[in-house]
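So the structure is just underneath, and the comments pick up after that.
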Amino acid sequence: MTPFDFKYPDTRRRRFRPIPVRMLVPNVITLLAICAGLTSIRLSIEGRMSLAVYAIVFAAALDGIDGRIARMIKGQSKFGAELDSLADFVNFGVAPGLMLYFWQLHELGNAGWIAAMVFAISGGLRLARFNATMDDPNKPAFAANFFTGVPAPAGAITVLLPIYVAFLDLGRLPAVVTAAYTLLIAFLMVSRLPVFSGKTKRMRVPPELVLPAFVAVIVFIALLIAYPWHVLSIGTVLYLLALPLGYKSYRDQARAMETTAPSGGEVPSPPSAPTLANLSEPPHDDDRPGRLH
């Protein structure tokens, strides 16, 4: 016992249990993603835009695997969930906005800075809404297959389309067009547009397609390395064109549930933004992983 224990015998020192390594692995991946996002800001300041874009794509790849690895090794924690939200705001809100500003939007002066700032703020609002409504009990069951608005990583990849086009030697778009496109993606991020997520779908590959699936993944990675601007440009355009399909799928499922619901039953409504009252109250029955002690 320490002198403090003799002086206050009724006061027990709080003891912290050792943290399993599996709880640290997902957080290390998230920290690496933050490093990639911050590095992209530095590279854009130095004018090395191609490397800056690579850093954002690398951060998006890490963001896509940290949560899955956490669930796979049972390393989820409240700390990791909060750290992931912070990483998403830095990597997919602040970093792309600053990249576009240093690359071209600065030509518009204050207007360009406002466009970059609106995009960054929209990314933060998008993440805050996601955290506030993730446990909404009023959402229909099928709504778990959809995001409300374009997710932050996808918004970061799509908003950089003007840079991809410029690296394809197709010429720079006018700065006004880049600013308008940036505001459009910011609007899609904070909108109520249902966007297909695919997270709850358990995709299973037939045994005879396992090897072809491996080959397809390797070919995609090879194409991304060899022709990054072509792959990113085509992928961005296809993603934007697919957004109406997600909205149509949501409306079809909502109508199907409405027709099968008994008379007088509740009709599912499209995803809605949280009210100020909901934001001011802490979520109840939070089923997210417990806090990392």
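Heavy-atom basis, side chains included; hydrogens, waters and symmetry copies ignored. Position 1 is the first residue of the sequence, and the numbers go up from there.
Between the CE atom in M189 and the CD1 atom in I121 there is a gap of 11.5 Å [rounded to 0.5 Å]. Summarising the geometry, atom CG belonging to D84 is positioned 11.0 Å from atom CD1 belonging to I29; distances are rounded to the nearest 0.5 Å. To the nearest 0.5 Å, the span separating CG on N91 from OG on S40 amounts to 7.0 Å. For the atom pair CD1 (I218) and CG (L223), the distance works out to 12.0 Å, reported to the nearest 0.5 Å. Expressed to the nearest 0.5 Å, how far CZ of R68 lies from CG of D63 amounts to 9.0 Å. From L62, atom CG reaches atom CD1 of I34 across 11.0 Å, with rounding to the nearest 0.5 Å.
The shortest distance between side-chain heavy atoms of L43 and E46 falls below 4.5 Å. Looking at heavy atoms from C-beta onward, P151 lies in side-chain contact with R126 at the 4.5 angstrom threshold. Contact of the V150 side chain with the L243 side chain is registered, since non-hydrogen atoms from C-beta on lie closer than 4.5 Å. The closest side-chain heavy-atom distance from L86 to T30 is not below 4.5 Å. Using a 4.5 Å heavy-atom threshold, the side chains of Y164 and V231 count as separate. For the pair L160 and T236, the minimum side-chain heavy-atom distance is 4.5 Å or more. Proximity of F167 to I163: side-chain heavy atoms (C-beta onward) are separated by under 4.5 Å at one or more points.
Ring geometry for W229 against Y54 counts as parallel: the plane angle stays under 30°, on a 0 to 90° scale with 60° as the upper cut.
Every residue two or more places apart in sequence or in another chain that forms a side chain to side chain contact (heavy atoms under 4.5 Å, CB included) with V217 is listed here: I221. With sequence neighbours left out, W103 forms a ring-ring contact (aromatic ring centres under 6.0 Å, His included) with no residue at all.
For the residue pair T148 and R192, the shortest heavy atom distance occurs at CG2-CA, 3.8 Å. The minimum heavy-atom distance linking A55 with A36 is given by the pair CB-O, 3.5 Å. Closest approach of F119 and G155 over heavy atoms only: CZ-O, 3.9 Å. Between W113 and L98, the shortest heavy-atom distance links the atoms CZ3-CD2, 3.7 Å. The shortest non-hydrogen separation linking L100 to T178 is CD2-CG2, 4.4 Å. Of all heavy-atom pairs between A115 and L105, the closest is CB-CD1, 4.3 Å.
By the rule that hydrophobic residues join a cluster once side-chain heavy atoms approach within less than 4.5 Å of another member, V94 and L51 end up as members of one cluster. Hydrophobic cluster membership differs between F92 and L161, with clusters built from Ile, Leu, Val, Met, Phe, Trp and Tyr side chains linked at under 4.5 angstrom. There is no path of hydrophobic side-chain contacts, each under 4.5 Å, that joins L173 to M99. There is a path of hydrophobic side-chain contacts, each under 4.5 Å, that joins L224 to Y239. Clustering ILVMFWY residues whenever any of their side-chain heavy atoms sit less than 4.5 angstrom apart, transitively, puts V118 in a cluster other than the one holding L193.
Within 6.0 Å of CZ in F102 there are more than 12 heavy atoms belonging to other residues, nucleotides or ligands. Counting non-hydrogen atoms of other residues, nucleotides and ligands closer than 6.0 Å to CZ of R172 gives a total above 12.
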**Asked** Run the side-chain contact (heavy atoms from CB on, under 4.5 Å) check on V159 and L184 step by step: do they pass?
**Response** CA-CA 9 Å; V159 80; L184 173 63; over 6 Å; no

**Asked** Does the side-chain contact (heavy atoms from CB on, under 4.5 Å) test come out yes or no for T158 and L188, once each step is laid out?
**Response** CA-CA 11 Å; T158 56; L188 292 176; over 6 Å; no

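With hydrogens and angles ignored, the 3.5 Å screen pairs no side-chain donor or acceptor of S233 with any backbone N or O of H230.
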